[in-house]
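Heavy atoms only: backbone and side chains are in, while hydrogens, waters and symmetry mates are out.
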Amino acid sequence: MRGADASLVRRAIRDRDPLPGTRGFAGRVSVEGRPTLVRDVLGRVPLFVERGAADPTADGAWAFDPTALDDPVSVPAGHCLPADVDDARWTLPEGDRSDDDTAVAAVRRAIRTATDAVDAASTAVAFSGGVDSALLAARLDAPLYVAGFEGSHDIEAARSAAAALDRELTVVEFTHDDLVSAVPRIARATGRTNAMDVQIALPLFLTAGRVAADGYDRLVVGQGADELFGGYAKVANAPDDHRIEADTVRGAQREVIATLPEQLERDVLALEAAGVEPVAPLLADRVVATALGLAGEQLVRGEDERKWALRRAASEWLPEEIARRDKKAVQYGTYAARELDRLARQDGFKRRMDDHVTRYVESLL
């Protein structure tokens, strides 16, 4: 079992408690004498079974690492999996509504509790200079790392934010050779070759590789903040954005939260393949529960102020300029997407070809 004590997991199964006070869990546990595979409601710990296994709970039929299996498939988030039952055990709660001041105070308490629980020994922070990573940096006494091509948005933003926080910063500059070397390792570790997944995983993988080489075992990441707190334009624009089916901001929030298991599987596997244990304090159960209780206007305020409650909470620890700062998606802010596209075209995979970057990735395997 990873992420939680077996007795806590058994209690969560018994009580159908989706958020029992962890940062996620998965593995095999005995429930009433019966071996059972479990994966938490947000899929924060990846778990896989052999496709078509007669007993997926048997030794050798399941694994945390998909490369250990011949034909792995993910255990769905929130499910228990005995040999003959696929039990959707947990769903996310609705959360309790409160006024603005109470909501911001609750977010602040949840973040304080989640970050206080992080063991800063042998730990570094992935730092892009946006509000999410800056908040974690302000709460943790750990070295800061930013990655990207020189001149990229994330490097410049991280430098200015680190200066504002009076913190030292290690810059991990990419080269094209780094991308060519990393892409097949990411694809094999995650089982994914599509361009978007590889582009997103590249900065994480290369940052983690440098962190591991510098002797750190864990890397703190800001995953989950955009999904939980209303950081996406498509959430802010609900119901008028074609990418969202929900007709309210809160409905859109839950819609994007539902994408987390697939995203986190990619990110965790890439980070572990680079040699570090990922730590995501903003995905702790208490933070999740608090975010689910936010009203639509506490997620998005006005036309363009996303993550309203999170930014207000962060202002206790951050200068106002950083608390209000937006950031680019990691694949664009680091130039990983741009430069992988450039490499694909240089290798003959032109943009007129269907999915040319994915085809280039596959050619490197």
Take Glu265 and Arg192 through the test salt bridge (charged side-chain N to carboxylate O under 4.0 Å, His left out) and record every step on the way to the result. CA-CA 11 Å; Glu265 186 175 286; Arg192 305 184 191 188; 3.4 Å; yes
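- Contact check for Trp317 versus Ile111: side-chain heavy atoms found under the 4.5 Å cut-off.
- Asn237 contributes a side-chain N or O that, together with a main-chain N or O of Ala233, makes up a donor-acceptor pair within less than 3.5 Å.
- Side-chain contact annotation: Arg286 with Thr113, donor-acceptor N/O pair under 3.5 Å present.
- In this structure, the side-chain hydrogen bond (donor to acceptor under 3.5 Å, both in side chains) partners of Tyr232, at least two apart in sequence or on a different chain, are Glu227.
- Between the side chains of His79 and Asp86, a donor-acceptor pair is found at a separation under 3.5 Å.
- Under 4.0 Å is where a charged nitrogen must lie from a carboxylate oxygen, and between Arg301 and Asp100 at least one such pair does.
- Using a distance-only test at 3.5 Å, with no hydrogens or angles considered, a donor-acceptor pair links the side chain of Arg167 to the main chain of Ala142.
- Between Asp214 and Arg210 a salt bridge is recorded (basic side-chain N to carboxylate O distance below 4.0 Å).
- In this structure, Gln346 places its CD atom where more than 12 heavy-atom neighbours from other residues, nucleotides or ligands lie under 6.0 Å away.
- The two atoms that bring Ala157 and Ser128 nearest to each other are CB-O, 3.6 Å, heavy atoms only.
- In this structure, a donor-acceptor pair under 3.5 Å is absent between the side chains of Asp178 and Ser181.
- Applying the 6.0 Å contact sphere to CG of Asp354 captures no more than 12 heavy atoms from other residues, nucleotides or ligands.
- A 6.0 Å sphere centred on CG of Asp141 holds no more than 12 heavy atoms belonging to other residues, nucleotides or ligands.
- Qualifying side-chain hydrogen bond (donor to acceptor under 3.5 Å, both in side chains) partners for Arg325, counting only residues two or more places apart in sequence or in other chains: Ser160, Glu321.
- With respect to the salt-bridge test (charged N to carboxylate O, under 4.0 angstrom), the residues Arg14 and Glu32 do not qualify.
- Checked by atom type, the side-chain pair Asp154/Ser152 shows no donor-acceptor distance below 3.5 Å.
- Minimum interatomic distance between Leu264 and Gly43 (heavy atoms only, all atoms of both residues): CB-O, 4.0 Å.
- No more than 12 heavy atoms of other residues, nucleotides or ligands sit less than 6.0 Å from atom CD of Glu262.
- Leu165 approaches Ala134 most closely through the heavy-atom pair CD1-O, 4.2 Å.
- A salt bridge links Lys307 with Asp132: at least one charged nitrogen is closer than 4.0 Å to a carboxylate oxygen.
- Within a 6.0 Å radius of NZ in Lys234, other residues, nucleotides and ligands contribute more than 12 heavy atoms.
- In plain terms, the two heavy atoms of Leu260 and Gly224 that are nearest each other are CD2-CA, 4.3 Å.
- When only modelled atom types and interatomic distance are considered, Thr175 and Asp177 share no side-chain donor-acceptor pair under 3.5 Å.
- Formation of a donor-acceptor pair under 3.5 Å by the Gln223 side chain with backbone atoms of Ala280 is not found in this model.
- A salt bridge links Arg159 with Glu156: the closest approach of a Lys/Arg side-chain nitrogen to an acidic carboxylate oxygen falls below 4.0 angstrom.
- Under a cutoff of 6.0 Å and an axis angle of 45°, Arg2 and Phe25 do not form a cation-pi pair.
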Could you go through the side chain to side chain contact (heavy atoms under 4.5 Å, CB included) check for Leu299 and Trp308 one step at a time? CA-CA 5 Å; Leu299 297 168; Trp308 181 86; over 6 Å; no
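- With respect to Asp285 and Arg44, a salt bridge is recorded, a charged nitrogen being found less than 4.0 Å from a carboxylate O.
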Determine whether Glu316 and Arg311 satisfy the following criterion, salt bridge (charged side-chain N to carboxylate O under 4.0 Å, His left out), listing intermediate values before the conclusion. CA-CA 9 Å; Glu316 176 172 326; Arg311 296 182 192 281; over 6 Å; no
Apply salt bridge (charged side-chain N to carboxylate O under 4.0 Å, His left out) to the pair Glu362 and Arg359, showing each step before the final yes or no. CA-CA 5 Å; Glu362 292 169 346; Arg359 294 173 68 174; over 6 Å; no
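- Under the 4.0 Å criterion applied to side-chain N and carboxylate O atoms, Asp341 and Arg345 are assigned as salt-bridge partners.
- For the pair Phe205 and Ala274, the tightest heavy-atom approach, listed with the atom from each and the gap, is O-CB, 3.5 Å.
- The environment of Asp96 atom CG is sparse: at most 12 non-hydrogen atoms of other residues, nucleotides or ligands sit within 6.0 angstrom.
- A donor-acceptor pair is defined here as one N or O able to donate and one able to accept, closer than 3.5 Å; no such pair exists between the side chain of Gln298 and the backbone of Ala103.
- Summarising the geometry of Leu292 relative to Arg250, their closest heavy-atom pair is O-NH2, 3.0 Å, with the distance given to 0.1 Å.
- The existence of a salt bridge linking Asp119 and Arg218 is confirmed by a sub-4.0 Å separation between a basic side-chain nitrogen and an acidic carboxylate oxygen.
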